[in-house]
Protein chains: 2
Amino acid sequence: MSAPDRLTIGELAARSGLATSALRYYEDLGLIHAERTAGGQRRYPRPTLRRLAFIRAARQVGLSLDEVRAALAELPADRTPNATEWAKVARSWQRRIDAHIESLRALRDRLTGCIGCGCLSLTKCALYNPSDQAATKGPGARYLLGDTPPRPRER
Amino acid sequence: MSAPDRLTIGELAARSGLATSALRYYEDLGLIHAERTAGGQRRYPRPTLRRLAFIRAARQVGLSLDEVRAALAELPADRTPNATEWAKVARSWQRRIDAHIESLRALRDRLTGCIGCGCLSLTKCALYNPSDQAATKGPGARYLLGDTPPRPRER
DNA sequence: GCTTGACTTCAAGTTCGCTTGAAGTTGCAG
DNA sequence: CTGCAACTTCAAGCGAACTTGAAGTCAAGC
């Protein structure tokens, strides 16, 4: 028992499932913060675990570490966030996740429809449809992409 | 009208939203294939557009290009896939997408629950719960991660 | 038949998200 | 107080997914 209220980098790594090198890297990027012992070793406050869980979740939804940093800027660095702070961030996350789910659902539904109709109705099934259908709509018409915007250069 | 039945790399780029350099890269990797003119220029059969839409979709669901290549190996390279071939691939995709959606839904539901309860019930709300709760469960106990397995080294 | 833009290859460069290694320091258990 | 694992920094390396640039070739409109 007796959860230590400061974690070493090794402990944090074990708990979060991340490598210590990744944790140092995250610190360099300003995603997490550590106090130091007299000898210079890192000691992490426990809320860091929650922060890391957040980072993981964010990555799963497709954010870059830089975007995560921006998102995390709304939470206090070393203090446990209070209910209001948390709720604000959590809500914006929900929107993001919902949007992501929605785009995946759209993708899946197209596939489902395609299977359902046996892909024989060429006028109906977007996926199986030959691309001359797209050609009549001019450049940029694309199937399967749903709400995904074109991104010739995404970085 | 009159959709050309062979596309230049520039046309394919315009239609797919990808850069020509990316298309050549994909060809190097064996994801797509082109015929050549007498002069050596690429000419893509139209089904390539569908292939590209697939690649995009796959990337969105988190596959690497290498995994995509494996997935695409089930489809004929230059011929329009028939209903059976398509259905087979589409079904395996649905499973993948569904799994992805499910994990996102789980993540969102945790957030939702957290907001719903105002994050005041420390024993109930996993997200807002301080990490000493996790500590009592031993190393590896993590919140927010849901069905995501630990992956200290994920490549 | 010439011009011009779109194409060709190939090598090198870039960004992201880390990991690895070297060389040295700290902190705790015995 | 010693020994040793766990820590420290810093620089370099890596794999994925492309992009950029150079130097040259092709194809299509006038």
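When reading the values below, keep in mind they use all heavy atoms of this one structure, side chains included, and skip hydrogens, waters and symmetry mates. So that the names make sense, note that chain A is the first sequence line, chain B the second, and so on, each numbered from 1.
Distance, A:E27 CD to D:dT9 C1': 12 Å, rounded to whole Å. Atom P of nucleotide D:dC10 and atom CZ of A:R24 are separated by 12 Å, given to the nearest angstrom. One interatomic measurement links the two molecules: OH of B:Y25 to P of C:dT14, which rounds to 17 Å at whole-angstrom precision. Per the geometry, CG belonging to B:L18 stands 13 Å off P belonging to D:dA17, to the nearest Å. Between A:Y44 atom OH and D:dA6 atom P there is a gap of 16 Å when expressed in whole angstrom units. Put simply, CG on B:L31 is 9 Å from P on D:dA17, counting in whole angstrom units. One interatomic measurement links the two molecules: CG of A:L23 to C1' of D:dC7, which rounds to 13 Å at whole-angstrom precision. Taking atom CD1 on B:I55 and atom P on D:dA17, their separation rounds to 11 Å, with Å as the unit.
Position along DNA chain C of the nearest nucleotide to A:A22 versus A:G40 favours A:A22 as the more 5'-ward residue.
Nucleic acid contact for B:L29: none, since no nucleic acid atom lies under 4.0 Å from a heavy atom of the residue. B:T20 comes within 4.0 angstrom of nothing in the nucleic acid, heavy atoms only.
The side chain of B:L65 lies closest to D:dA17, out of D:dA17, D:dC7, C:dC18. Checking D:dC18, C:dC7, D:dC7 against the side-chain heavy atoms of B:Q41 singles out C:dC7 as nearest. Nearest nucleotide to the side chain of B:R43, out of D:dA27, D:dC7, D:dC18: D:dA27.
Applying the 4.0 Å criterion to OP1 and OP2 of C:dT26, one finds that A:T37 has every side-chain N and O outside that range. Contact check, B:Y26 against D:dC18: a side-chain N or O comes under 4.0 Å of OP1 or OP2. Here A:R36 reaches the OP1 or OP2 of D:dT9: one of its side-chain N or O atoms lies under 4.0 Å away. For C:dT9, one of the phosphate oxygens OP1 or OP2 lies less than 4.0 angstrom from a side-chain nitrogen or oxygen of B:R42.
Rounding to the nearest 0.5 Å places CG of A:L23 at 9.0 Å from CD1 of A:I55.
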Evaluate the side chain to side chain contact (heavy atoms under 4.5 Å, CB included) criterion for residues A:R36 and A:R42: first the C-alpha distance (whole Å), next the side-chain angles of each, then the deciding distance (0.1 Å), finally the verdict. CA-CA 5 Å; A:R36 298 297 183 123; A:R42 288 170 180 83; 3.3 Å; yes
Show the numbers, then the answer: is there a side chain to side chain contact (heavy atoms under 4.5 Å, CB included) between A:V68 and A:L29? CA-CA 10 Å; A:V68 175; A:L29 297 186; over 6 Å; no
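Side-chain N or O atoms of A:R69 include none that pairs as donor or acceptor with a backbone N or O of A:G30 at under 3.5 Å.
Each of B:E27, B:R51, B:E11, B:R15 was compared with B:Y44 under the side-chain hydrogen bond (donor to acceptor under 3.5 Å, both in side chains) criterion, and only B:E27 meets it.
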